[in-house]
Enquirer: 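I have a structure I would like to understand better, so I am pasting it below and will then ask my questions one at a time.
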Number of protein chains: 2
Amino acid sequence: MSNSLTSEGLAALMQRGNLFSDKCPSRDVLKHVTSRWGVLVLLALMDGEQHRFSALKRKILGVSEKMLAQTLQLLESDGFVKRTVYPVVPPHVEYSLTDLGHKIAAQVVGLADWIEENFLQIMQAQEQYQAQQTSNLQHWQS
Amino acid sequence: MSNSLTSEGLAALMQRGNLFSDKCPSRDVLKHVTSRWGVLVLLALMDGEQHRFSALKRKILGVSEKMLAQTLQLLESDGFVKRTVYPVVPPHVEYSLTDLGHKIAAQVVGLADWIEENFLQIMQAQEQYQAQQTSNLQHWQS
DNA sequence: CTGAATCCTTGCTGATACTG
DNA sequence: CAGTATCAGCAAGGATTCAG
């Protein structure tokens with residue numbers, strides 16, 4: 001059948017702190033949703049509407065067809081994106097978020113928003129770091 | 001001086017939805033904290049203790065010295081990690097999270113935890129997707 | 001002990017061309 | 001319209017070596 005899980009195997013997968021041991025499957029999902037285009041796809045689909053492939057391509061500036069298709073496939077395989085095909089000519093495909101997709105999108109966007117909100121502080125830290133590096137540089141230059 | 005920001009430039013950087021336009025500096029920070037080792041470093045430092053380089057290397061299984069040093073530098077330059085050097089022989093360096101670091105670590109771990117908590121659903125979606133792909137495969141094989 | 005520097009391999013990415 | 005296939009370029013990642 002499709003579900004071949006043992007309760008022991010499941011327990012091993014679900015325990016916390018698993019991220020430290022390599023090959024943790026959660027890392028793959030994290031990779032998908034935080035990837036360069038993954039974030040943008042989730043963001044683009046968050047309005048709950050149906051979106052066509054070409055519409056997404058227009059909305060997400062700079063993405064190639066290959067990467068968009070690849071990202072959509074990954075997110076679909078994780079159960080975050082729903083792909084609806086209308087068997088007509090010319091082909092018509094629509095993408096939208098699943099319930100699960102909406103939830104993880106909220107998490108990802110929450111993280112992204114936090115960064116944007118606190119970006120001023122981060123930038124100041126970066127400048128301080130830069131200044132520190134520069135002064136160290138000047139030190140051994142003399 | 002170190003601060004060369006104009007108010008217009010800052011305003012342009014801070015507006016929401018900026019993630020869509022490429023070269024958004026927030027994307028770099030997002031990349032740092034969600035990178036393969038970035039997540040694990042934040043997780044390892046979340047206890048609030050001081051951690052030595054070699055201790056982190058032992059704690060984060062599989063990380064190379066190069067990537068650990070690189071990750072720590074990035075997180076330090078973003079103001080998330082504090083690096084304390086004790087000028088003794090042999091060298092003694094300690095790493096810990098800043099206040100800002102604790103906050104973003106909470107966000108990142110929140111996302112990671114969400115994935116782990118909902119991993120059962122995700123895995124089921126992956127199995128369904130796999131099954132679907134396999135059946136499609138068998139279709140044209142015959 | 002804590003890294004920096006080097007080399008080398010891998011994998012991601014994007015441009016192009018092609019299919020149903 | 002909605003992709004797939006292929007290939008080339010580049011950057012991330014890792015192993016090793018060297019240095020303060």
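Predicted model only: the values in this text are computed from it and were never measured. To find a chain, count down the sequence lines: A is the first, B the second, and so on, and within it residues start at 1.
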Enquirer: Any side-chain N or O of A:Gln73 below 4.0 angstrom from OP1/OP2 of D:dG3?
Expert: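 So the side chain of A:Gln73 is outside the cut-off, no N or O lying under 4.0 Å from OP1 or OP2 of D:dG3.
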
Enquirer: Not counting sequence neighbours, list each pair that qualifies as a side-chain hydrogen bond (donor to acceptor under 3.5 Å, both in side chains) and has a residue in residues 81-90 of chain B.
Expert: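 Counting only pairs at least two positions apart or across chains, the side-chain hydrogen bond (donor to acceptor under 3.5 Å, both in side chains) contacts touching residues 81-90 of chain B are B:Arg83-B:Tyr95, B:Tyr86-B:Glu94.
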
Enquirer: Identify the two heavy atoms, one from A:Val85 and one from A:Pro87, that lie closest to each other, and give their separation to 0.1 Å.
Expert: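 A:Val85 and A:Pro87 have their closest heavy atoms at O-CD, 3.6 Å.
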
Enquirer: By the 4.0 Å heavy-atom rule, please label B:Tyr86 as base, sugar-phosphate, or nothing.
Expert: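 No contact at all - B:Tyr86 keeps every heavy atom at 4.0 Å or more from the nucleic acid.
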
Enquirer: B:Arg52 has an atom CZ; how far is it from atom C1' of C:dT2, in whole Å?
Expert: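 Taking CZ of B:Arg52 and C1' of C:dT2, I get 9 Å after rounding.
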
Enquirer: Can a side chain N or O of B:Tyr95 be found less than 4.0 Å away from OP1 or OP2 on C:dG3?
Expert: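 For B:Tyr95, the contact criterion (side-chain N or O under 4.0 Å from OP1 or OP2 of C:dG3) is met.
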
Enquirer: When rounded to the nearest 0.5 angstrom, what distance separates CD in A:Gln70 from NE2 in A:His32?
Expert: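 The CD atom of A:Gln70 sits 9.5 Å away from the NE2 atom of A:His32.
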
Enquirer: Tell me whether A:Leu43 is reachable from A:Leu56 by hopping between hydrophobic residues (I, L, V, M, F, W, Y) whose side-chain heavy atoms are closer than 4.5 Å.
Expert: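 Yes: a chain of side-chain contacts under 4.5 Å links A:Leu56 to A:Leu43.
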
Enquirer: May I have the distance from A:Leu56 (atom CG) to D:dA2 (atom P), rounded to whole angstrom?
Expert: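 Nearest whole value for this atom pair: 9 Å.
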
Enquirer: Could you see if A:Phe80 belongs to whatever hydrophobic cluster contains A:Leu111? Use Ile, Leu, Val, Met, Phe, Trp, Tyr and a side-chain cutoff under 4.5 Å.
Expert: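 Looking at the clustering, A:Leu111 is in the same group as A:Phe80.
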
Enquirer: I'd like to know whether B:Leu68 forms a side-chain contact (heavy atoms from CB on, under 4.5 Å) with B:Trp37, so could you lay out the CA-CA distance, the side-chain angles of the two residues, the decisive distance to 0.1 Å, and finally the verdict.
Expert: CA-CA 7 Å; B:Leu68 181 56; B:Trp37 304 116; over 6 Å; no

Enquirer: From NZ of B:Lys57 over to C1' of C:dC1, roughly how many Å is that when rounded to an integer?
Expert: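 Going from NZ in B:Lys57 over to C1' in C:dC1 covers 12 Å.
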
Enquirer: Take atom CD1 of A:Ile60 and atom P of C:dG14, then tell me their distance rounded to the nearest Å.
Expert: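 Distance check: A:Ile60 CD1 to C:dG14 P gives 12 Å.
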
Enquirer: Looking at C:dC1, D:dA2, D:dC1, which one has an atom nearest to any side-chain atom of B:Pro91?
Expert: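 So the nucleotide nearest the side chain must be C:dC1.
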
Enquirer: What's the CZ-C1' distance between B:Phe53 and C:dA4, to the nearest Å?
Expert: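 Distance check: B:Phe53 CZ to C:dA4 C1' gives 11 Å.
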
Enquirer: Only one of A:Leu75, A:Val33, A:Leu97 passes side chain to side chain contact (heavy atoms under 4.5 Å, CB included) with A:Ile104; say which it is.
Expert: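 Result: among A:Leu75, A:Val33, A:Leu97, A:Val33 is the only option passing the side chain to side chain contact (heavy atoms under 4.5 Å, CB included) with A:Ile104.
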
Enquirer: Tell me: CD of B:Glu76 to P of C:dT2, nearest whole Å?
Expert: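 Checked: the CD to P distance equals 15 Å.
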
Enquirer: What integer distance in Å separates B:Leu72:CG from C:dC1:P?
Expert: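 Checked: the CG to P distance equals 16 Å.
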
Enquirer: To the nearest 10 degrees, what angle separates the axes at the start and end of the helix from C:dC1-D:dG20 to C:dG20-D:dC1, five pairs each?
Expert: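 The end axes of the helix from C:dC1-D:dG20 to C:dG20-D:dC1 are about 40° apart, to the nearest 10°.
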
Enquirer: Step through the shown structure and confirm whether more than 12 heavy atoms of other residues, nucleotides or ligands are within 6.0 Å of CG on B:Asp99.
Expert: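 No.
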
Enquirer: Please encode protein proximity along nucleotides 9-17 of chain D as a string of B, S and -, counting only heavy-atom distances under 4.0 Å.
Expert: ----BBB--

Enquirer: Can you tell me how far the CD atom of B:Glu127 sits from the OG atom of A:Ser77, to the nearest 0.5 Å?
Expert: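 Atom-to-atom, B:Glu127:CD and A:Ser77:OG are 12.0 Å apart.
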
Enquirer: Between C:dT2 atom P and B:Glu94 atom CD, what is the distance in whole Å?
Expert: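 Those two atoms, CD and P, are 9 Å apart.
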
